[in-house]
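Reading through the structure tokens given below for one structure.
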Amino acid sequence: MKKVLITGAAGFLGSHLCDRFIKEGFHVIGMDNLITGDLKNIEHLFKLEQFEFYHHDVTKFVHVPGELDYILHFASPASPIDYLKIPIQTLKVGALGTHNLLGLAKEKKARILIASTSEVYGDPLVHPQTEEYYGNVNTIGPRGVYDEAKRFQESITMAYHRFHGLETRIVRIFNTYGPRMRLNDGRVIPAFMGQALRGEDLTVFGDGSQTRSFCYVDDEIEGIFRLLMSDYVLPVNIGNPHEITIKDFAEEIIKLTGTTQKIIYKPLPQDDPLVRQPDITKAKEILGWEPKVERAEGMQKTFDYFKTLSKEELEKTEHRDFTSRNKK
Ligand code: NAD
Ligand code: UDP
């Protein structure tokens, strides 16, 4: 049985990856320090012999006994709210955490896939974004802690590939959504759906003319799986090119949820990218991959998930209190 280590296993994407690898017949080791994740995302796996969970912070030395065939490094705060609240941890997990996992991969002769992001393109001046575009990132802005951690992550991964001959893969993930997103993580889909469910107005930032392109989680996981199994070393965009303005998107959510609330406007956060759309030519050519799930279908499934949450979870709009960890 092939063995895979998945970091960030209790998070949104990590938990779906665990499910996928279990389904493919792998022995899965999930690792997480639960800073933004939740054990309820993987509790259904605890009864399986094929699954193990290590509660561990990957910025500290990572030890896994025995052999390992694959590592998928998905541990990192991923929503703007989270990485603004825990900026140092975000930088550390991208830098020190990635270094530890590359070292582990080298030791175990395992193939490693690193979760990068469309944020490496920053507020892009090239549209749609191809993998060749170097990006437009404000290193010292509030999003810099995430963007630069991810850019460093890509650099050190390529260095381990070139210098040590390590088998590496880099996926640049564009906005992905689906069941198990945290309702209060501040990302636009849980934000709008939570507001609709609580009977609050939908908060559009700026004038809502900024765009995003949303990919359903099942499509994203399929793309990541194919990339891991491919022999392609350079970064690959995996996302859905179907682009929409945030204002139009808010209107879609109003229709989908049937809420009688309206849109209200709030200031646009600093350095919020004005456009974002993946060019997925490479993924199509190299992996034979393209997204299959239409937004209407994916959003319905996601809304159905949020509807199952308890009233208590729904009301928990306060973001986790990270302040004590941030104090000097
Ligand atoms: P998430 O917050 O749901 O999951 C991240 C997980 O990593 C959490 O369970 C958290 O507890 C864990 N974690 C964080 N720091 C850790 C540490 N030091 N040690 C161990 N575990 C740690 O976020 P997600 O949306 O599932 O994102 C997963 C990965 O995918 C991240 O690397 C993120 O940058 C990347 N990504 C996601 C998206 C998206 O749209 N979801 C887009 C681009 C990139
Ligand atoms: N956004 C919004 N209202 C919200 C949350 C987000 O208008 O309540 C906007 C945000 O400004 C951005 C887009 O939605 O332009 C996507 O934001 P998200 O935080 O999901 O992720 P990003 O793509 O910015 O990393």
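Each ligand, and each atom within it, is numbered from 1 in the order the structure gives.
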Exercise for the section: May I ask you to check if ligand 1 and Thr176 share an N or O to N or O distance below 3.5 Å? Expected result: yes
Between Gln277 and Pro241, is there a donor-acceptor pair closer than 3.5 Å when you use the side chain of the first and the backbone of the second?
yes
Nearest non-hydrogen protein atom to atom 4 (O) of ligand 1, with distance, is Gly11 CA, 3.4 Å
ask   = Taking atom OH of Tyr134 as the centre, does the number of heavy atoms from other residues, nucleotides or ligands within less than 6.0 Å exceed 12?
value = no
The closest protein heavy-atom partner of atom 27 (O) of ligand 1 is Ala78 CB, 3.5 Å
Requested in this report: For Gln195 and Thr203, test the side chains for any donor-to-acceptor distance below 3.5 angstrom and give the result as yes or no.
Outcome: yes
Ligand 1 atoms nearer than 4.0 angstrom to some heavy atom of Gly37 are 8 (C), 9 (O), 10 (C), 11 (O)
Closest to atom 5 (C) of ligand 1 (heavy atoms only, candidates Ser76, Ala149, Pro77) is Ser76
closest protein heavy atom to atom 19 (N) of ligand 1 is Val58 N, 3.0 Å
Any atom of ligand 1 sitting under 4.0 Å from a heavy atom of His56? yes
The answer for which part of Ala9 has a heavy atom under 4.0 Å from ligand 1 is neither
Backbone N/O of Gly66 and side chain of Lys108: donor-acceptor pair under 3.5 Å: yes
Note: Val137 and Glu119 closest approach over all heavy atoms is CG2-O, 3.8 Å
Ring centres under 6.0 angstrom apart (Phe225, Phe21): yes
- For ligand 1, is there an atom lying under 4.0 Å from some heavy atom of Gly94? no
The residue among Leu45, Leu39, Val28 that forms side chain to side chain contact (heavy atoms under 4.5 Å, CB included) with Phe53 is Leu39
| said: Run the side-chain contact (heavy atoms from CB on, under 4.5 Å) test on Leu183 and Leu314 for me, step by step, so that the C-alpha distance in whole Å, both residues' side-chain angles and the decisive distance to 0.1 Å come before the verdict. | reply: CA-CA 7 Å; Leu183 189 68; Leu314 199 58; 3.4 Å; yes
Exercise. Under 4.0 Å between a Lys/Arg side-chain N and an Asp/Glu carboxylate O for Asp147 and Lys150?
Worked result: no
Numbered in order shown, the ligand 1 atoms found under 4.0 Å of a heavy atom of Leu34 are 11 (O)
When distances are taken from atom 6 (C) of ligand 1, the protein heavy atom at minimum range is Gly8 CA, 3.6 Å
Within 4.0 Å of some non-hydrogen atom of Asn175, the atoms of ligand 1 are 40 (O)
ask   = Are Gly97 and ligand 1 in contact, using a heavy-atom cut-off of under 4.0 Å?
value = no
Are any of the N or O atoms of Ile35 closer than 3.5 Å to those of ligand 1?
yes
Closer than 3.5 angstrom, by distance alone: can the side chain of Asn100 be matched with the main-chain N or O of Thr59 as a donor-acceptor pair?
yes
Treat each ILVMFWY residue as a node, draw an edge where side-chain heavy atoms are under 4.5 Å apart, and state whether Phe306 and Phe214 are in one component.
yes
The option among Leu13, Ile86, Thr7 carrying the non-hydrogen atom nearest to atom 26 (O) of ligand 1 is Leu13
Among Phe74, Phe174, Tyr146, the residue with a heavy atom nearest to atom 33 (C) of ligand 1 is Tyr146
Of Lys150, His73, Arg187, His16, the residue with the heavy atom nearest atom 32 (O) of ligand 1 is Lys150
Taking only non-hydrogen atoms of Val93 and a 4.0 Å limit, the atoms of ligand 1 in range are 15 (N), 16 (C), 17 (C), 18 (N)
(request) Using atom types as modelled and distance alone, determine if a side-chain donor or acceptor of Arg182 lies under 3.5 Å from a backbone N or O of Thr36. (result) yes
Tabulate distances under 3.5 Å between N/O atoms of ligand 2 and N/O atoms of the protein, writing both atom names on each line.
from	atom 1	to	atom 2	distance (Å)
ligand 2	3 (N)	Thr203	O	2.6
ligand 2	7 (O)	Phe205	N	2.7
ligand 2	8 (O)	Thr203	O	3.2
ligand 2	8 (O)	Thr203	OG1	3.0
ligand 2	11 (O)	Asp272	OD2	2.6
ligand 2	15 (O)	Gln210	NE2	3.0
ligand 2	15 (O)	Arg212	NH2	3.3
ligand 2	15 (O)	Asp272	OD1	2.7
ligand 2	15 (O)	Asp272	OD2	3.4
ligand 2	20 (O)	Val188	N	2.8
ligand 2	23 (O)	Asn175	ND2	2.8
ligand 2	23 (O)	Arg212	NE	2.6
ligand 2	23 (O)	Arg276	NH1	2.8
ligand 2	24 (O)	Arg143	NH2	3.0
ligand 2	24 (O)	Arg212	NH2	3.0
ligand 2	25 (O)	Arg143	NH2	3.0

Taking Asp279 for the side chain and Pro128 for the main chain, is one N or O donor matched with an acceptor at less than 3.5 Å? no
Can you confirm, on distance only, whether ligand 1 has an N/O atom lying under 3.5 Å from any N/O atom belonging to Phe12? yes
Within 45 degrees of the axis of the six-membered ring of Phe249 and under 6.0 Å from its centre: does Arg212 put its NZ or CZ there? no
- Task: Could you please spell out the steps behind the salt bridge (charged side-chain N to carboxylate O under 4.0 Å, His left out) verdict for Glu24 and Lys2?
- Result: CA-CA 10 Å; Glu24 297 285 341; Lys2 296 266 186 208; over 6 Å; no
Nearest non-hydrogen protein atom to atom 2 (O) of ligand 1, with distance, is Thr36 OG1, 2.7 Å
In terms of its nearest heavy atom to atom 20 (C) of ligand 1, the top option of Ile6, Asn33, Thr98 is Asn33
Please indicate whether Gln300 has more than 12 foreign heavy atoms, meaning atoms of other residues, nucleotides or ligands, lying under 6.0 Å from its CD.
yes
Numbered in order shown, the ligand 1 atoms found under 4.0 Å of a heavy atom of Ser116 are 44 (C)
The closest protein heavy-atom partner of atom 42 (C) of ligand 1 is Ile173 CG2, 3.5 Å
min-distance protein heavy atom vs atom 11 (O) of ligand 1 -> Asp32 OD1, 2.6 Å
If you scan protein heavy atoms around atom 18 (N) of ligand 1, the nearest is Asp57 OD1, 2.8 Å
- Dump the intermediate steps for salt bridge (charged side-chain N to carboxylate O under 4.0 Å, His left out) on Glu222 and Arg20, then the final yes or no. CA-CA 9 Å; Glu222 178 64 30; Arg20 175 63 187 260; 2.7 Å; yes
More than 12 heavy atoms of other residues, nucleotides or ligands under 6.0 Å from NE2 of His242: yes or no?
no
